[in-house]
Amino acid sequence: MSTLTTNALRERKFSPVSIEQPFADFVMSVGHQSITSAGALTAVTEETALETARAQKSIVMGLVPFDPSRPATLWVPQSYTVEERKDAGTATDGSHNFPAPSRVEGIDNPRYRQAVGDAVARMNNGEFDKVVLARTLTAHYDQPLNIADVYDNLTLQQPRAYTFSVKLPDSDEYLMGASPELVFKTEAGGRFNTHPLAGSAQRSAHPGDLEDMQIGEQLMRSAKDRAEHATVIDDIRSRLAPLTEELDAPAVPELMTTPQLWHLGTKITGVLKGHLSSLDGARAIHPTPAICGTPRDIALESIREYEDFDRGYFGGLVGYMDADGNGSWALVLRCARVSPHRATLFAGAGIVRASQPESEHAETATKLGTFGKVLGISTR
Ligand SMILES: C=C(O[C@@H]1C=C(C(=O)O)C=C[C@H]1O)C(=O)O
């Protein structure tokens, strides 16, 4: 990149948070902390991000698109606040009711089933091993949604997730979600962890009951889901190997839950070489086969071919890091682009040879249901 472009980007300021704006530009909760941007945001590139953060005694925050060839959208805020996460605790239903949408598109998606069937046929032909196919659901509103209330419900319903809301530049939309998946986190000394999830099942009507436990055990024993999961871990391990001094990936996944789903997850830990940042680590494995597929290039091509929408930041990364490069990047999942008159929800599912179109359609309906519940709309 030329110096001229770099300087131009560095000097470009986003508008400051003002009372006309319904909500902060960037909010994210990780563990027990919530981070909110304040003041004007300075757009930075990946190359200039840490230098600018150091100069402004600040941090870097933002989004990385799903498509690894597209540039990240990163900012250094003039200042930021870190607070104890207000809603950390037990999930509740949220306190806000929203108007019923005037129209909802995408509840039934025959094209999605068709794409799954087609991808399975190609996998049986030996063309590739896994692809994550996604679909959208759009709710239109005559009466406007209150953006801050939407986020409030989200955080109340998902107190253990990586919850985020990011104002999309040059748009009236906010990208909001409650991701269960950590792509990369680093701490001092290069220690990192990543927690890929792959293999999912819908929880019972009464999470925590016997049926729910049996669904979890069944997922753990499912050959299809274990194979789907192993594909992800193998890929991440081989991509991280050249960048790490230590790398530990347990051989057997663990079960984890969200209020809606069971997932298979593996906590991979280790130590990065040299002075690599959390974003360097995330970039090295993104997009993992948990959101893309294997081999990656064929999966990327199939996603472009089968999906009838541009993923943009869905399936990308959201996060922040300090001026030393330490921080957390989560996968942009269980999310929606929300503006006062429209909400577009996104969800995908890993397709492997044993996949069935109807059950993958149902799995995406469950995943869409995470944000559907926030708005009080049914996704099936
Ligand atoms: C693609 C999504 O989720 C991803 C796919 C999963 C799967 O296929 O089992 C599980 C968790 C995520 O890595 C989504 O939520 O939209």
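This chain uses plain numbering: 1 for the first residue, then up along the sequence. Side chains included, hydrogens not; waters and symmetry mates left out as well; all remaining heavy atoms used.
Of the N and O atoms on the side chains of Glu83 and Thr81, not one donor lies less than 3.5 Å from an acceptor on the other residue. Under the 3.5 Å distance criterion, with hydrogens and angles disregarded, a donor-acceptor pair is assigned to the side chains of Glu105 and His140.
Across all non-hydrogen atoms, the minimal contact from Tyr162 to Met28 is CB-CE, 4.3 Å. Of all heavy-atom pairs spanning Glu46 and Leu74, the tightest one is CG-CD1, 3.7 Å. Nearest heavy atoms, Val76 versus Ser58: CG1-CB, 3.7 Å. Considering all non-hydrogen atoms of both residues, Ser278 and Trp329 come closest at OG-NE1, 3.0 Å. Listed here is the closest heavy atom pair of Ala249 and Ile268: CB-CG1, 4.0 Å. Of all heavy-atom pairs spanning Ile351 and Glu360, the tightest one is CD1-CG, 3.6 Å.
Atom OG in Ser204 sits 5.0 Å away from atom CD1 in Ile215 (nearest 0.5 Å).
Salt-bridge check for Arg237 with Asp234: passed, with a basic side-chain N closer than 4.0 Å to an acidic carboxylate O. Between Asp129 and Arg353 a salt bridge is recorded (basic side-chain N to carboxylate O distance below 4.0 Å). Ion pairing between Lys130 and Asp235 fails under the 4.0 Å rule for side-chain N and carboxylate O.
Aromatic rings of Tyr80 and Tyr320 (six-membered ring for Trp) have centroids beyond the 6.0 Å cut-off, not under it.
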Take His96 and Asp152 through the side-chain hydrogen bond (donor to acceptor under 3.5 Å, both in side chains) test and state the conclusion after the steps. CA-CA 8 Å; His96 306 284; Asp152 214 29; 2.8 Å; yes
side-chain hydrogen bond (donor to acceptor under 3.5 Å, both in side chains) for Thr266 and His229? Distances and angles first, verdict last. CA-CA 9 Å; Thr266 298; His229 191 81; 2.7 Å; yes
Would Glu181 and Ile291 count as a side chain to side chain contact (heavy atoms under 4.5 Å, CB included) here? Give the steps. CA-CA 11 Å; Glu181 190 159 345; Ile291 193 64; over 6 Å; no
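The only member of Arg380, Gln260, Arg203 that meets side chain to side chain donor-acceptor pair (under 3.5 Å) when paired with Thr366 is Arg380.
Around atom CD of Gln218, no more than 12 heavy atoms belonging to other residues, nucleotides or ligands sit under 6.0 Å away.
Cluster partners of Met256, using a side-chain heavy-atom cutoff of under 4.5 Å among ILVMFWY residues and allowing indirect links, are Leu197.
Listed by chain and number, the residues in a side chain to side chain donor-acceptor pair (under 3.5 Å) with Arg296 amount to none (sequence neighbours excluded).
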Side-chain donor-acceptor distances from residues 59-69 under 3.5 Å, at least two apart:
residue	atom	partner	partner atom	Å
Asp67	OD1	Ser69	N	2.9
Asp67	OD1	Ser69	OG	2.7

